[in-house]
Amino acid sequence: MPELPEVESIRRSLENKICGCLISDTEVRLPRQIKWPDVPGFVARTVGHRIIRLARRGKYLLFVLDDGGYLVFHLRMTGRLIYTDTGIVQDAHTRIIFRLDHSTALVYSDTRTLGAIYALHADELWRIRGLSEMGPEPLTEAFSVEYLQQTLSNKKTKIKSFLLNQKAIGGLGNIYADEALFLAGIHPLRLAASLSADETNRLHGAINQVIHDGIAEGGTTFRDYCDGNGQKGRHQEHLFAYHREGKPCRKCGEIIQKIVVGGRGTHFCPHCQKI
DNA sequence: CTAAGTACCTGTCCGC
DNA sequence: TGCGGACAGGTACTTA
(Lines give C-alpha, C1' and ligand atoms only; values in the text may rest on other atoms or scores of the structure.)
Protein backbone atom coordinates (compact mmCIF):
# COMPACT_ATOMS: atom_id res chain seq x y z
CA MET A 1 0.00 0.00 0.00
CA PRO A 2 2.05 2.88 1.18
CA GLU A 3 4.96 4.55 -0.50
CA LEU A 4 7.15 7.22 1.04
CA PRO A 5 4.50 9.98 1.13
CA GLU A 6 1.93 7.67 2.73
CA VAL A 7 4.35 6.41 5.37
CA GLU A 8 5.42 9.97 6.11
CA SER A 9 1.77 10.99 6.46
CA ILE A 10 1.19 8.14 8.90
CA ARG A 11 4.29 9.16 10.85
CA ARG A 12 3.12 12.76 11.14
CA SER A 13 -0.43 11.80 12.08
CA LEU A 14 0.74 9.48 14.86
CA GLU A 15 3.61 11.54 16.20
CA ASN A 16 1.67 13.83 18.52
CA LYS A 17 -0.70 11.06 19.59
CA ILE A 18 1.75 8.40 20.72
CA CYS A 19 5.09 10.07 21.51
CA GLY A 20 5.67 9.75 25.24
CA CYS A 21 3.14 6.93 25.57
CA LEU A 22 3.92 3.76 27.48
CA ILE A 23 3.27 0.49 25.66
CA SER A 24 1.31 -1.18 28.45
CA ASP A 25 0.49 -4.35 26.51
CA THR A 26 1.27 -5.96 23.15
CA GLU A 27 -1.18 -8.48 21.72
CA VAL A 28 0.08 -10.42 18.70
CA ARG A 29 -2.85 -11.97 16.86
CA LEU A 30 -0.92 -13.10 13.78
CA PRO A 31 2.56 -14.28 14.82
CA ARG A 32 3.97 -14.66 11.31
CA GLN A 33 3.91 -10.90 10.79
CA ILE A 34 6.61 -10.56 13.48
CA LYS A 35 9.89 -11.11 11.63
CA TRP A 36 12.28 -10.57 14.54
CA PRO A 37 12.72 -11.70 17.25
CA ASP A 38 10.21 -14.45 18.14
CA VAL A 39 6.83 -13.43 19.53
CA PRO A 40 7.71 -13.68 23.26
CA GLY A 41 10.86 -11.66 22.55
CA PHE A 42 8.88 -9.11 20.57
CA VAL A 43 6.40 -8.68 23.40
CA ALA A 44 9.20 -8.42 25.96
CA ARG A 45 11.01 -5.77 23.92
CA THR A 46 7.92 -3.59 23.55
CA VAL A 47 5.82 -3.92 26.72
CA GLY A 48 6.93 -1.57 29.49
CA HIS A 49 8.71 0.82 27.16
CA ARG A 50 7.86 4.37 26.17
CA ILE A 51 7.75 5.60 22.60
CA ILE A 52 10.19 8.50 22.38
CA ARG A 53 10.22 9.44 18.72
CA LEU A 54 8.82 8.42 15.32
CA ALA A 55 11.23 8.22 12.41
CA ARG A 56 10.95 7.09 8.82
CA ARG A 57 13.40 5.77 6.24
CA GLY A 58 11.98 5.11 2.77
CA LYS A 59 8.83 3.07 3.39
CA TYR A 60 9.92 1.92 6.85
CA LEU A 61 8.36 3.47 9.94
CA LEU A 62 10.54 3.35 13.07
CA PHE A 63 9.42 3.96 16.66
CA VAL A 64 12.39 4.82 18.90
CA LEU A 65 11.83 3.39 22.37
CA ASP A 66 13.13 4.66 25.72
CA ASP A 67 15.83 1.98 25.92
CA GLY A 68 17.22 2.94 22.52
CA GLY A 69 15.50 0.02 20.83
CA TYR A 70 13.42 0.26 17.66
CA LEU A 71 9.95 -0.94 16.81
CA VAL A 72 10.02 -1.14 13.01
CA PHE A 73 7.11 -1.49 10.57
CA HIS A 74 7.03 -2.16 6.84
CA LEU A 75 3.41 -1.99 5.73
CA ARG A 76 3.93 -3.64 2.32
CA MET A 77 0.63 -3.61 0.41
CA THR A 78 -2.18 -3.32 2.93
CA GLY A 79 -0.66 -2.61 6.34
CA ARG A 80 -2.23 0.20 8.38
CA LEU A 81 -1.53 1.74 11.76
CA ILE A 82 -4.60 3.23 13.39
CA TYR A 83 -4.69 5.11 16.65
CA THR A 84 -7.80 4.79 18.77
CA ASP A 85 -8.62 7.04 21.72
CA THR A 86 -11.08 4.64 23.24
CA GLY A 87 -8.89 1.58 22.91
CA ILE A 88 -11.80 -0.13 21.17
CA VAL A 89 -10.70 -2.19 18.18
CA GLN A 90 -13.24 -2.76 15.43
CA ASP A 91 -11.09 -3.54 12.41
CA ALA A 92 -11.67 -6.97 10.84
CA HIS A 93 -8.02 -7.39 9.87
CA THR A 94 -6.38 -6.52 13.17
CA ARG A 95 -3.06 -8.38 13.47
CA ILE A 96 -1.37 -6.67 16.44
CA ILE A 97 -2.67 -4.40 19.18
CA PHE A 98 -0.41 -2.11 21.21
CA ARG A 99 -2.21 -0.85 24.32
CA LEU A 100 -0.95 2.57 25.32
CA ASP A 101 -1.00 3.99 28.87
CA HIS A 102 -3.59 1.33 29.82
CA SER A 103 -6.27 3.25 27.91
CA THR A 104 -5.73 4.10 24.25
CA ALA A 105 -4.41 1.77 21.56
CA LEU A 106 -2.47 1.58 18.36
CA VAL A 107 -3.80 -1.10 16.02
CA TYR A 108 -1.77 -2.76 13.28
CA SER A 109 -4.20 -3.99 10.63
CA ASP A 110 -3.23 -5.79 7.44
CA THR A 111 -5.68 -7.39 5.01
CA ARG A 112 -3.14 -9.30 2.94
CA THR A 113 -0.82 -9.97 5.89
CA LEU A 114 2.31 -9.20 3.89
CA GLY A 115 3.60 -6.56 6.30
CA ALA A 116 6.78 -7.05 8.33
CA ILE A 117 7.28 -5.97 11.93
CA TYR A 118 10.46 -6.07 14.04
CA ALA A 119 11.64 -5.12 17.52
CA LEU A 120 15.37 -4.50 17.34
CA HIS A 121 18.18 -3.13 19.45
CA ALA A 122 20.11 -0.31 17.79
CA ASP A 123 22.97 -2.64 16.84
CA GLU A 124 20.58 -5.11 15.20
CA LEU A 125 19.13 -2.88 12.49
CA TRP A 126 21.36 -4.59 9.95
CA ARG A 127 18.97 -7.54 10.18
CA ILE A 128 16.54 -5.62 8.00
CA ARG A 129 18.37 -5.74 4.69
CA GLY A 130 15.79 -3.67 2.89
CA LEU A 131 16.52 -0.94 5.39
CA SER A 132 20.29 -1.19 5.70
CA GLU A 133 20.82 -1.48 1.92
CA MET A 134 18.37 1.23 0.92
CA GLY A 135 19.54 3.92 -1.44
CA PRO A 136 19.15 7.66 -0.83
CA GLU A 137 15.63 8.99 -0.80
CA PRO A 138 14.11 11.89 -2.71
CA LEU A 139 14.35 15.39 -1.22
CA THR A 140 17.66 14.65 0.50
CA GLU A 141 21.13 15.95 -0.27
CA ALA A 142 22.38 12.45 -1.03
CA PHE A 143 19.83 12.13 -3.83
CA SER A 144 21.63 14.48 -6.19
CA VAL A 145 21.47 14.69 -9.98
CA GLU A 146 25.03 13.38 -10.01
CA TYR A 147 24.04 10.38 -7.90
CA LEU A 148 21.09 9.63 -10.18
CA GLN A 149 23.17 9.99 -13.34
CA GLN A 150 25.90 7.76 -11.96
CA THR A 151 23.49 5.09 -10.72
CA LEU A 152 21.48 5.02 -13.93
CA SER A 153 24.53 4.72 -16.10
CA ASN A 154 25.42 1.11 -15.30
CA LYS A 155 21.91 -0.36 -15.04
CA LYS A 156 20.65 -2.65 -17.79
CA THR A 157 17.04 -2.45 -16.76
CA LYS A 158 14.04 -0.41 -17.82
CA ILE A 159 13.67 2.97 -16.19
CA LYS A 160 10.35 2.01 -14.57
CA SER A 161 11.93 -1.02 -12.88
CA PHE A 162 14.91 1.09 -11.87
CA LEU A 163 12.68 3.56 -10.05
CA LEU A 164 11.10 0.75 -8.02
CA ASN A 165 14.50 -0.60 -6.93
CA GLN A 166 14.84 0.51 -3.31
CA LYS A 167 18.61 0.00 -3.40
CA ALA A 168 18.82 2.68 -6.06
CA ILE A 169 16.25 5.13 -4.64
CA GLY A 170 14.45 4.63 -1.34
CA GLY A 171 10.73 5.24 -1.09
CA LEU A 172 9.32 5.28 -4.61
CA GLY A 173 6.54 2.81 -5.37
CA ASN A 174 4.29 2.12 -8.32
CA ILE A 175 2.18 5.28 -8.14
CA TYR A 176 4.97 7.81 -7.74
CA ALA A 177 7.23 6.02 -10.24
CA ASP A 178 4.57 6.36 -12.95
CA GLU A 179 3.90 9.97 -11.98
CA ALA A 180 7.59 10.90 -12.00
CA LEU A 181 8.07 9.41 -15.46
CA PHE A 182 5.03 11.28 -16.74
CA LEU A 183 6.23 14.62 -15.34
CA ALA A 184 9.69 14.03 -16.79
CA GLY A 185 8.23 13.03 -20.17
CA ILE A 186 10.06 9.70 -20.21
CA HIS A 187 8.60 6.43 -21.51
CA PRO A 188 8.62 3.66 -18.85
CA LEU A 189 10.21 1.13 -21.23
CA ARG A 190 13.30 3.25 -21.88
CA LEU A 191 16.50 1.61 -20.66
CA ALA A 192 17.89 3.32 -17.56
CA ALA A 193 21.34 3.79 -19.04
CA SER A 194 19.93 5.39 -22.18
CA LEU A 195 18.72 8.60 -20.53
CA SER A 196 20.38 11.81 -21.67
CA ALA A 197 21.74 14.36 -19.21
CA ASP A 198 18.70 16.52 -19.86
CA GLU A 199 16.30 13.64 -19.25
CA THR A 200 18.13 12.67 -16.07
CA ASN A 201 17.83 16.24 -14.86
CA ARG A 202 14.12 16.29 -15.58
CA LEU A 203 13.62 12.91 -13.91
CA HIS A 204 15.47 14.05 -10.81
CA GLY A 205 13.28 17.13 -10.53
CA ALA A 206 10.12 15.12 -11.23
CA ILE A 207 10.89 12.52 -8.55
CA ASN A 208 11.41 15.23 -5.96
CA GLN A 209 8.26 17.00 -7.05
CA VAL A 210 5.91 13.99 -6.94
CA ILE A 211 7.20 12.97 -3.52
CA HIS A 212 6.90 16.53 -2.22
CA ASP A 213 3.37 16.91 -3.60
CA GLY A 214 2.33 13.49 -2.31
CA ILE A 215 3.41 14.38 1.23
CA ALA A 216 1.80 17.83 1.00
CA GLU A 217 -1.50 16.20 0.10
CA GLY A 218 -1.39 13.52 2.77
CA GLY A 219 -0.66 10.65 0.39
CA THR A 220 -2.71 8.85 -2.28
CA THR A 221 -5.74 6.70 -1.43
CA PHE A 222 -7.22 4.20 -3.86
CA ARG A 223 -8.50 1.55 -1.53
CA ASP A 224 -6.77 0.75 1.74
CA TYR A 225 -4.54 3.64 2.61
CA CYS A 226 -5.34 6.02 5.45
CA ASP A 227 -3.20 7.82 8.03
CA GLY A 228 -3.06 7.12 11.76
CA ASN A 229 -6.36 8.93 12.31
CA GLY A 230 -8.18 7.08 9.54
CA GLN A 231 -7.92 10.06 7.16
CA LYS A 232 -7.59 9.37 3.45
CA GLY A 233 -5.02 11.04 1.21
CA ARG A 234 -5.90 13.71 -1.36
CA HIS A 235 -3.20 13.22 -3.97
CA GLN A 236 -5.30 10.78 -6.05
CA GLU A 237 -7.22 13.81 -7.32
CA HIS A 238 -4.08 15.18 -8.93
CA LEU A 239 -2.52 12.19 -10.62
CA PHE A 240 -1.56 12.44 -14.29
CA ALA A 241 -0.89 8.81 -15.16
CA TYR A 242 -1.47 6.27 -12.38
CA HIS A 243 -4.87 4.59 -12.51
CA ARG A 244 -5.95 6.83 -15.41
CA GLU A 245 -5.85 4.27 -18.25
CA GLY A 246 -8.48 5.03 -20.90
CA LYS A 247 -8.82 8.62 -19.72
CA PRO A 248 -7.52 11.67 -21.59
CA CYS A 249 -4.08 12.96 -20.65
CA ARG A 250 -4.35 16.09 -18.53
CA LYS A 251 -1.67 17.77 -20.64
CA CYS A 252 -2.39 16.76 -24.23
CA GLY A 253 -5.70 14.89 -24.32
CA GLU A 254 -4.26 11.64 -25.70
CA ILE A 255 -5.62 8.48 -24.05
CA ILE A 256 -3.51 7.20 -21.14
CA GLN A 257 -2.36 3.62 -21.71
CA LYS A 258 -1.60 0.79 -19.32
CA ILE A 259 1.07 -1.85 -19.91
CA VAL A 260 2.97 -4.30 -17.71
CA VAL A 261 6.62 -3.55 -16.96
CA GLY A 262 8.57 -5.85 -14.67
CA GLY A 263 5.30 -7.42 -13.60
CA ARG A 264 3.82 -4.10 -12.45
CA GLY A 265 0.93 -2.20 -13.98
CA THR A 266 2.41 0.87 -15.66
CA HIS A 267 0.52 3.93 -16.87
CA PHE A 268 1.77 6.49 -19.36
CA CYS A 269 0.77 8.96 -22.05
CA PRO A 270 1.92 7.81 -25.51
CA HIS A 271 2.19 11.42 -26.68
CA CYS A 272 3.94 13.04 -23.69
CA GLN A 273 6.23 10.04 -23.08
CA LYS A 274 7.66 8.90 -26.39
CA ILE A 275 9.77 5.74 -26.50
C1' DC B 1 27.66 -9.94 -9.82
C1' DT B 2 22.88 -8.42 -12.39
C1' DA B 3 18.20 -8.91 -14.02
C1' DA B 4 13.95 -11.37 -14.44
C1' DG B 5 10.49 -14.43 -12.67
C1' DT B 6 7.85 -16.32 -8.77
C1' DA B 7 5.99 -16.63 -4.09
C1' DC B 8 3.78 -14.70 -0.38
C1' DC B 9 -1.65 -13.37 1.16
C1' DT B 10 -6.61 -11.76 0.96
C1' DG B 11 -10.15 -9.27 -1.23
C1' DT B 12 -12.36 -7.24 -5.20
C1' DC B 13 -13.76 -6.81 -9.72
C1' DC B 14 -14.86 -8.40 -14.32
C1' DG B 15 -16.38 -11.59 -17.81
C1' DC B 16 -18.83 -15.72 -18.71
C1' DT C 1 -26.03 -15.73 -8.50
C1' DG C 2 -21.79 -18.20 -8.96
C1' DC C 3 -17.25 -19.18 -10.46
C1' DG C 4 -12.57 -18.64 -12.41
C1' DG C 5 -9.02 -15.61 -13.27
C1' DA C 6 -6.63 -11.30 -13.16
C1' DC C 7 -5.15 -7.83 -10.38
C1' DA C 8 -3.83 -4.78 -6.19
C1' DG C 9 0.07 0.77 -3.33
C1' DG C 10 5.82 -4.44 -2.08
C1' DT C 11 9.68 -7.11 -1.37
C1' DA C 12 12.37 -11.60 -0.59
C1' DC C 13 13.62 -15.52 -2.63
C1' DT C 14 14.92 -18.44 -6.62
C1' DT C 15 16.47 -18.95 -11.23
C1' DA C 16 18.99 -17.77 -15.46
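Computation of the quantities below employed the complete heavy-atom set of this structure, encompassing side-chain atoms and omitting hydrogens, waters and symmetry-equivalent molecules. Within every chain, numbering begins at 1; the chains are lettered A, B, ... in the order of the sequence lines, protein sequences first and strands thereafter.
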Below 3.5 Å between N/O atoms, which protein atoms pair up with nucleotides 14-16 of chain B? Just atom names and distances, please.
none

Polar pairs (N or O, both sides) under 3.5 Å between protein and nucleotides 3-7 of chain B?
| residue | atom | partner | partner atom | Å |
| --- | --- | --- | --- | --- |
| B:dA3 | OP1 | A:Lys156 | N | 2.3 |
| B:dA4 | OP2 | A:Thr157 | OG1 | 3.0 |

Give DNA chain B the dot-bracket treatment, 5' to 3': Watson-Crick (N1-N3 with N6-O4 or O6-N4) or G-U (N1-O2, O6-N3) under 3.5 Å, [ ] crossing, | other strand.
.|||||||.|||||||
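In this structure, A:Arg264 reaches the C:dG10 phosphate: one of its side-chain N or O atoms is under 4.0 Å from OP1 or OP2. OP1 or OP2 of B:dC1 has not a single side-chain nitrogen or oxygen of A:Lys167 nearer than 4.0 Å. Here A:Lys35 does not reach the OP1 or OP2 of C:dA12: none of its side-chain N or O atoms lies under 4.0 Å away. Taking 4.0 angstrom as the limit, A:Gln166 places a side-chain polar atom (N or O) nearer than this to OP1 or OP2 of C:dT11.
When the P atom of C:dA8 is taken as reference, atom CD of A:Gln236 falls 17 Å away, rounded to whole Å. Spacing between atom CG of A:Asn174 and atom P of C:dG10 amounts to 6 Å, rounded to whole angstrom units. Per the geometry, CZ belonging to A:Arg32 stands 18 Å off P belonging to C:dT11, to the nearest Å. When rounded to the nearest whole Å, the span between CZ of A:Arg95 and P of B:dC9 equals 12 Å. For the pair A:Asp224 CG and C:dA8 P, the computed distance is 13 Å after rounding to whole Å.
A heavy-atom distance below 4.0 Å to DNA chain C is reached by these residues of residues 206-222 of chain A, ordered by number: A:Thr220, A:Thr221, A:Phe222.
Side-chain proximity of A:Tyr60 to C:dA12, C:dG10, C:dA8: nearest is C:dA12.
Between A:Glu8 and A:Arg11, at least one side-chain N (NZ, or NE/NH1/NH2) sits under 4.0 Å from a carboxylate O, which counts as a salt bridge.
Within the structure, the side chain to side chain donor-acceptor pair (under 3.5 Å) test picks out no pair touching residues 92-102 of chain A (sequence neighbours left out). Listed by first and then second residue, the salt bridge (charged side-chain N to carboxylate O under 4.0 Å, His left out) pairs involving residues 102-129 of chain A are A:Arg45-A:Glu124, A:Arg129-A:Glu133 (not counting sequence neighbours).
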